[in-house]
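Written out below as structure tokens is the structure these notes cover.
As a basis for the values below, the full set of heavy atoms in this structure was taken, side chains included, without hydrogen atoms, waters or symmetry mates. Just so it is clear: chains get the letters A, B, ... in the order the sequence lines come, proteins before strands, and each one is counted from 1.
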Amino acid sequence: MPELPEVETTRAGLAPHLTGRRVAGVTLRRPDLRWPIPAAVAAHLPGARIDAVRRRAKYLLLDTEAGSALLHLGMSGMLRVLPPDTPVGPHDHVDIALDSGRLLRFTDPRRFGCLLWQPIGEVHPLLRRLGPEPLEAAFDGDYLFARSRGRAAPVKTFLMDQAIVVGVGNIYAAESLFRAGIAPLRPAGRVSRERYRALAGAVKTVLAHAIARGGTTLRDFLNADGAPGYFEQELFVYGRGGQRCKACGTALREAAIGQRASVWCPRCQR
DNA sequence: AAGGTAACCTGCGTGC
DNA sequence: TGCACGCAGGTTACCT
């Protein structure tokens with residue numbers, strides 16, 4: 001479910017319910033997700049006031065005066081604000097009770113997500129090596145061109161490297177490369193500056209558009225309505241292996257690149 | 001340093 | 001209907 005647009009949509013949906021609220025209690029139904037949940041979470045969160053809900057890359061941060069709870073949704077994670085008496089399902093791993101009477105619930109069947117703690121004034125090690133945010137000005141074609149020199153890895157792999165730019169997952173990498181007309185297997189070091197400018201623009205356009213759409217579909221975080229799929233109608237290549245290119249009618253090609261399913265148009269993308 | 005691979009885990013769709 | 005298999009929107013760890 002979550003690439004950057006989904007996480008940003010989640011952040012925007014949660015913020016009105018969390019900002020300014022105090023944590024009434026924390027329920028951990030298992031000691032770990034991807035990693036052990038540090039004792040600092042249970043030690044600092046109860047009683048703390050949530051001052052802001054931020055996003056960095058695909059991480060969400062709940063800021064308090066003592067530090068920030070750091071959440072990642074992994075592949076299957078979901079955060080919802082629910083009434084306190086909502087029945088608990090098998091993958092409802094964490095509840096954060098709020099002084100509003102409601103509940104912030106973290107659900108994650110595959111448990112690739114995490115709940116960690118970042119002390120005040122520190123940057124968690126997982127956040128230290130991240131590249132720029134794709135929607136900020138520091139991310140542009142010149143930046144991609146500079147970082148890619150000498151790189152032999154496929155440009156799709158390069159684009160999905162969170163140390164290069166954050167937030168671009170398998171769906172949006174495929175879609176951005178299609179829009180920019182770049183073949184995903186092309187070595188990153190052999191893409192021109194001009195074409196990287198097109199790629200950076202495509203990434204920004206695709207992500208901003210997906211955020212706008214997610215904002216309309218996932219507006220109500222008080223109900224269980226976390227259904228994704230909002231972007232499906234507008235996908236040009238992702239998940240369309242074997243079908244025809246919407247632009248030119250050529251049969252789309254399909255291959256694993258860096259162990260991730262990849263689809264592209266051999267005519268539109270060079 | 002960069003690049004490739006395995007690993008973490010559950011659910012779902014497909015084909016026999 | 002049952003079962004085995006492959007695959008899924010992410011990321012780190014480890015090895016060359």
Side-chain angles (χ1 to χ4, degrees), chain A residues 1-11 29-37 55-60 70-79 89-94 106-116 124-131 134 144 146-178 184-190 203 206-207 209-211 213-214 217-218 226-242 254-263:
Chain A
M1 169 160 49
E3 291 188 41
L4 187 146
E6 289 80 356
V7 179
E8 177 56 27
T9 300
T10 298
R11 189 205 63 76
R29 298 198 179 82
R30 51 175 305 134
D32 62 335
L33 295 166
R34 174 173 187 165
W35 292 293
I37 297 169
R55 179 189 60 75
R56 171 71 175 113
K58 296 170 192 167
Y59 293 89
L60 285 171
L70 196 59
L71 290 149
H72 196 293
L73 301 177
M75 291 273 258
S76 57
M78 179 175 23
L79 283 166
H91 305 301
D92 294 337
H93 306 306
V94 179
F106 184 33
T107 306
D108 185 7
R110 292 179 73 180
R111 279 185 272 129
F112 286 179
C114 62
L115 169 53
L116 299 169
H124 193 280
L126 289 175
L127 303 188
R128 282 177 200 160
R129 304 202 63 181
L130 295 174
L144 283 177
R147 292 296 303 269
S148 61
R149 292 309 88 185
R151 294 253 196 164
V155 62
K156 177 164 181 274
T157 305
F158 172 72
L159 188 60
M160 291 175 65
D161 183 346
Q162 303 296 297
I164 300 301
V165 60
V166 302
V168 183
N170 204 27
I171 295 177
Y172 298 114
E175 294 299 307
S176 300
L177 286 164
F178 174 81
L185 278 169
R186 176 175 286 275
R190 295 212 277 111
V203 166
V206 168
L207 291 180
H209 182 60
I211 289 170
R213 305 278 276 130
T217 313
L218 296 175
Y230 55 87
F231 205 64
E232 235 173 289
Q233 308 296 327
E234 299 162 55
L235 296 176
F236 281 91
V237 286
Y238 178 81
R240 297 193 67 242
E254 193 172 14
I257 302 175
Q259 302 188 119
R260 307 304 297 274
S262 306
V263 180

| For A/Tyr238, ring pair (Phe, Tyr, Trp, His ring centres under 6.0 Å) partners two or more places apart | none
| field | Interatomic distance at P, B/dT5 relative to C/dC7, whole Å | value | 15 Å
Please list each protein N or O that sits under 3.5 Å from an N or O in nucleotides 12-16 of chain C, with the distance.
residue : atom : partner : partner atom : Å
C/dT12  : O4'  : A/Arg34 : NH2          : 2.7

| message | Under the rule for side chain to side chain donor-acceptor pair (under 3.5 Å), what residues qualify as partners of A/Asp161, not counting sequence neighbours? | response | none
| request: Please name all residues satisfying side chain to side chain donor-acceptor pair (under 3.5 Å) with A/Arg110, sequence neighbours left out, ordered by chain then number. | output: none
| said: Going by the rule ring pair (Phe, Tyr, Trp, His ring centres under 6.0 Å), which residues pair with A/Phe106 if we only count those two or more places apart in sequence or in a different chain? | reply: none
| said: Nearest 0.5 angstrom please: A/Ile211 CD1 to A/Leu4 CG, how far? | reply: 5.5 Å
| request: Taking only the side-chain nitrogens and oxygens of A/His91, find out if one of them lies under 4.0 Å from OP1 or OP2 of B/dC9. | output: no
| request: Applying side chain to side chain donor-acceptor pair (under 3.5 Å), name anything that partners A/Thr107, two or more places apart in sequence or on another chain. | output: A/Arg80, A/Asp92
| said: Among residues at least two apart in sequence or on other chains, which ones pass ring pair (Phe, Tyr, Trp, His ring centres under 6.0 Å) with A/His93? | reply: none
| said: Stem finding on DNA chain B, please: runs of three or more consecutive Watson-Crick or G-U wobble pairs, both distances under 3.5 Å, sorted by first number. | reply: B:2-8 with C:10-16, B:10-16 with C:2-8
| At what distance, to the nearest 0.5 angstrom, does NE2 of A/His72 lie from CG of A/Asp108? | 10.5 Å
| field | Interatomic distance, A/Asn170 atom CG to A/Ser262 atom OG [nearest 0.5 angstrom] | value | 5.5 Å
| Under the side chain to side chain donor-acceptor pair (under 3.5 Å) test, residues paired with A/Lys58 that sit two or more places apart | none
| said: Under the rule for ring pair (Phe, Tyr, Trp, His ring centres under 6.0 Å), what residues qualify as partners of A/Phe158, not counting sequence neighbours? | reply: none
| said: Given A/Pro2, which partner from the list A/Leu73, A/Thr10, A/Thr9 fulfils the side chain to side chain contact (heavy atoms under 4.5 Å, CB included) test? | reply: A/Leu73
Could you go over nucleotides 13-16 of chain B and give all protein N or O partners under 3.5 Å, atom names and distances?
none

Measure all distances between protein nitrogen or oxygen atoms and nitrogen or oxygen atoms of nucleotides 5-8 of chain C, and list the pairs falling under 3.5 Å.
residue : atom : partner  : partner atom : Å
C/dA8   : N3   : A/Arg110 : NH1          : 3.2

| query | Quick one: is A/His72 getting a side-chain N or O under 4.0 Å of the C/dG10 phosphate, OP1 or OP2? | reply | no
| Residues A/Val168, A/Val203; criterion side chain to side chain contact (heavy atoms under 4.5 Å, CB included); working and verdict | CA-CA 8 Å; A/Val168 183; A/Val203 166; 4.0 Å; yes
